[in-house]
Amino acid sequence: MQLYVIQRRRKLLQVLMAVGVVLRNYVTGGPCPSKAKIPGKTIVITGANTGIGKETARELARRGGRIIMGCRDMEKCEAAAREIRGKTLNKHVYARHIDLASIKSIKAFVQKIKEEEEHVDVLINNAGVMRCPAWKTEDGFDMQFGVNYLGHFLLTNLLLDKLKASTPSRIINLSSVAHVTGEVDFDDLNWDRRKFDTRKAYSQSKLAIVLFTRELAKRLEGTGVTVNVLHPGVVGTDLGRHTGMHQSQLSSTVLSPFFYLFVKSPTLGAQSSVYLAVAKELEGISGRYYDVMTEKDPAPQALDERMSERLWNASVALLGLNGQTVSHAHPTSQSAIATVSPELTGNPVFTTTTSEPVKSTCLDKP
């Protein structure tokens, strides 16, 4: 009788675990539905040595891609690349240095890509910063705005020639549902005048990514290069370490069952990026916002075409990229650039006079 009871309990536990897995997959979006292979395709992924980026690299390597892992911490990136090569038996997985908090580093990375790679078929702008303190990048930009948005804006524009020569090619930008509360303050993009608010700075950077995606899609019409943006869901990575949740006793005990159901593993979190990178049904689809793997409308402010063009022009001015970005299908307004401080328009890099030391340790190990 005792053995019978034990067996019944085991079966009940197995059933509950199976139901939990099915429910979790349903709630979190589940695995990528596309089984497409990508042999011969070159994929560039930023922030690829940890979290969503690492799992995206692993899955795309498993599907046969040539993977370029762009990371800030080369020791960890090399270790991740070795691990992925060993587990996928794909020898074409490479670690390359890029610090998205440094214009110099981004340009050096692009130069290396252009020298070493015959083509770039997919660019996944994955690396990110979340809710870190009021730190500045090497070039004086707010860390969240600089890494999440401006660094990827620069990287994408500098790689466009490669992407255009490799058509059909895809650009995938990772944003967040946090963009719905985002506001772009064109008078103080880098939080030099206002009291710094880490939450609002994060939301601004994520809104900027959606606006950038939609504007770039318009500028790339007819080129064979598509660009889409996604919210991967709530994923359990180191990205949220500045929010305090990691140190919370409540989150680690009382809320843990809810976290299991609603907070994805990095493997599940990567499925949206994989889907947008490989799905054949998305060929030619551009300028769309995906909540996990479902196309949805972004926040109303993300649909503002005047704002997206204004942000584009402001970004060009901040980065000193005049004449080096893809042109618009129709004449662009110069009024947006006029809203940027005069001292920025003539300089290749915006500098800051802050006495705080430059820090980049809040990066999610990109």
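Because only heavy atoms are used, hydrogens play no part in the values below, and waters and symmetry mates are left out as well, while side chains stay in.
From Ile68, atom CD1 reaches atom CD1 of Ile98 across 12.0 Å, with rounding to the nearest 0.5 Å. Rounding to the nearest 0.5 Å places CZ of Arg194 at 8.0 Å from NZ of Lys200. Rounding to the nearest 0.5 Å places CD of Glu295 at 10.0 Å from CG of Leu276. Remark: Leu100 CG to Phe153 CZ distance equals 14.0 Å, nearest 0.5 Å. Put simply, CZ on Phe196 and CE on Met143 are 10.0 Å apart, with the number rounded to the nearest 0.5 Å. In this structure, Arg63 CZ and Cys32 SG are separated by 4.5 Å, a value rounded to the nearest 0.5 Å.
Heavy atoms only, all atoms of each residue included: Gly269 and Pro232 are closest at O-CB, 3.7 Å. Shown here for Asn90 and Gly65, the closest heavy-atom pair between the two residues is ND2-O, 2.8 Å. Nearest heavy atoms, Ile45 versus Gly53: CG2-O, 4.2 Å. The minimum heavy-atom distance between Lys91 and Arg85, with the atom names listed, is O-CD, 3.5 Å. The shortest non-hydrogen separation linking Asn313 to Arg219 is OD1-NH2, 4.3 Å. The nearest pair of heavy atoms linking Ala80 to Lys54 is CB-CE, 4.2 Å.
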Report task. Test salt bridge (Lys or Arg N to Asp or Glu O under 4.0 Å) on Lys112 and Glu115 and set out the steps. Result -> CA-CA 5 Å; Lys112 196 170 186 64; Glu115 291 172 355; 5.9 Å; no
Report task. Could you please spell out the steps behind the ring-ring contact (aromatic ring centres under 6.0 Å, His included) verdict for Tyr289 and His179? Result -> CA-CA 11 Å; Tyr289 171 79; His179 83 276; 5.0 Å; yes
Report task. Check the pair Leu155 / Leu123 against side chain to side chain contact (heavy atoms under 4.5 Å, CB included), numbers first and verdict last. Result -> CA-CA 9 Å; Leu155 173 63; Leu123 169 62; 4.1 Å; yes
Report task. Go through the steps for Arg82 and Val93 under the test side chain to side chain contact (heavy atoms under 4.5 Å, CB included), then give the verdict. Result -> CA-CA 8 Å; Arg82 285 195 301 271; Val93 179; over 6 Å; no
Report task. Give the intermediate values and the outcome of side chain to side chain contact (heavy atoms under 4.5 Å, CB included) for residues Gln204 and Trp191. Result -> CA-CA 11 Å; Gln204 175 183 254; Trp191 294 85; 3.7 Å; yes
Requested in this report: Kindly determine whether His97 and Cys71 satisfy side chain to side chain contact (heavy atoms under 4.5 Å, CB included), including the steps that lead there.
Outcome: CA-CA 5 Å; His97 180 264; Cys71 311; over 6 Å; no
Requested in this report: Kindly indicate, with the supporting measurements, whether the criterion side-chain hydrogen bond (donor to acceptor under 3.5 Å, both in side chains) is fulfilled by Asn125 and Thr156.
Outcome: CA-CA 8 Å; Asn125 291 319; Thr156 302; 2.9 Å; yes
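A chain of hydrophobic side-chain contacts below 4.5 Å, direct or via other Ile, Leu, Val, Met, Phe, Trp or Tyr residues, connects Leu160 to Leu321. In the hydrophobic clustering of ILVMFWY residues, with side-chain heavy atoms under 4.5 Å counting as a link, Val292 and Leu174 come out together.
Exactly one of Val274, Thr226, Leu230 qualifies for a side-chain contact (heavy atoms from CB on, under 4.5 Å) with Ile172. That residue is Leu230. Among the candidates Leu189, Asn148, Val147, Asp142, the single residue satisfying the side-chain contact (heavy atoms from CB on, under 4.5 Å) test with Ser205 is Asn148.
The side-chain heavy atoms of Leu60 and Ile124, taken from C-beta on, include a pair separated by under 4.5 Å. Side-chain contact check for Met69 versus Thr46: every heavy-atom pair is 4.5 Å or farther apart. Put simply, the side chain of Asn228 does not reach to within 4.5 Å of the side chain of Leu282, judged on heavy atoms. Residues Glu215 and Glu309 meet the side-chain proximity criterion, which asks for heavy atoms closer than 4.5 Å. Counting only heavy atoms from C-beta outward, the side chains of Leu220 and Ser286 never approach each other to under 4.5 Å. Taking the side chain as every heavy atom from C-beta outward, Lys41 and Ile43 approach each other to under 4.5 Å. Between Lys76 and Thr50 the shortest side-chain heavy-atom distance does not fall below 4.5 Å. Using a 4.5 Å heavy-atom cutoff, the side chains of Phe186 and Leu311 are in contact.
Side-chain atoms of Ser176 never come within 3.5 Å of backbone atoms of His231 as a donor-acceptor pair (strictly under, hydrogens ignored). Side-chain N or O atoms of Asp185 include one that pairs as donor or acceptor with a backbone N or O of Asp188 at under 3.5 Å. A donor-acceptor pair under 3.5 Å is formed between the side chain of Gln144 and the backbone N or O of Thr198. The main-chain N or O of Val180 is found under 3.5 Å from a side-chain atom of Gln301 such that the two form a donor-acceptor pair. For Lys162 (side chain) and Glu117 (main-chain N/O), a donor-acceptor pair under 3.5 Å exists by modelled atom type. Not one N or O on the side chain of Ser102 forms a donor-acceptor pair closer than 3.5 Å with the backbone of Asp99. In terms of modelled atom types and a separation under 3.5 Å, the side chain of Thr88 and the main chain of Arg62 share no donor-acceptor contact. The backbone N or O of Gly140 lies less than 3.5 Å from no partner atom in the side chain of Asn190, so there is not a single donor-acceptor pair. Remark: side-chain polar atoms of Ser308 are paired, donor with acceptor, to backbone N or O of Glu305 under 3.5 angstrom. The backbone N or O of Val120 lies less than 3.5 Å from a partner atom in the side chain of Ser166, making a donor-acceptor pair.
Between Asp121 and Arg170 there is no salt bridge, since no side-chain nitrogen of the basic residue lies less than 4.0 Å from a carboxylate oxygen of the acidic one. Of the charged side-chain nitrogens involved, at least one lies within less than 4.0 Å of a carboxylate oxygen, so that Arg96 and Glu116 count as a salt-bridged pair. A salt bridge is defined here as a Lys NZ or Arg NE, NH1 or NH2 lying under 4.0 Å from an Asp or Glu carboxylate O, and Asp192 with Lys136 meets this definition. Between Glu283 and Lys280 there is no salt bridge, since no side-chain nitrogen of the basic residue lies less than 4.0 Å from a carboxylate oxygen of the acidic one.
In this structure, Glu281 places its CD atom where more than 12 heavy-atom neighbours from other residues, nucleotides or ligands lie under 6.0 Å away. Atom NZ of Lys164 has more than 12 heavy atoms from other residues, nucleotides or ligands within 6.0 Å.
Every salt bridge (charged side-chain N to carboxylate O under 4.0 Å, His left out) that Arg58 has, sequence neighbours left out, goes to Glu55, Glu83. Taking the ring pair (Phe, Tyr, Trp, His ring centres under 6.0 Å) definition, one finds that Tyr275 meets it with nothing, sequence neighbours left out. Residues forming a ring pair (Phe, Tyr, Trp, His ring centres under 6.0 Å) with Phe145 (at least two apart in sequence, or on another chain): Tyr149.
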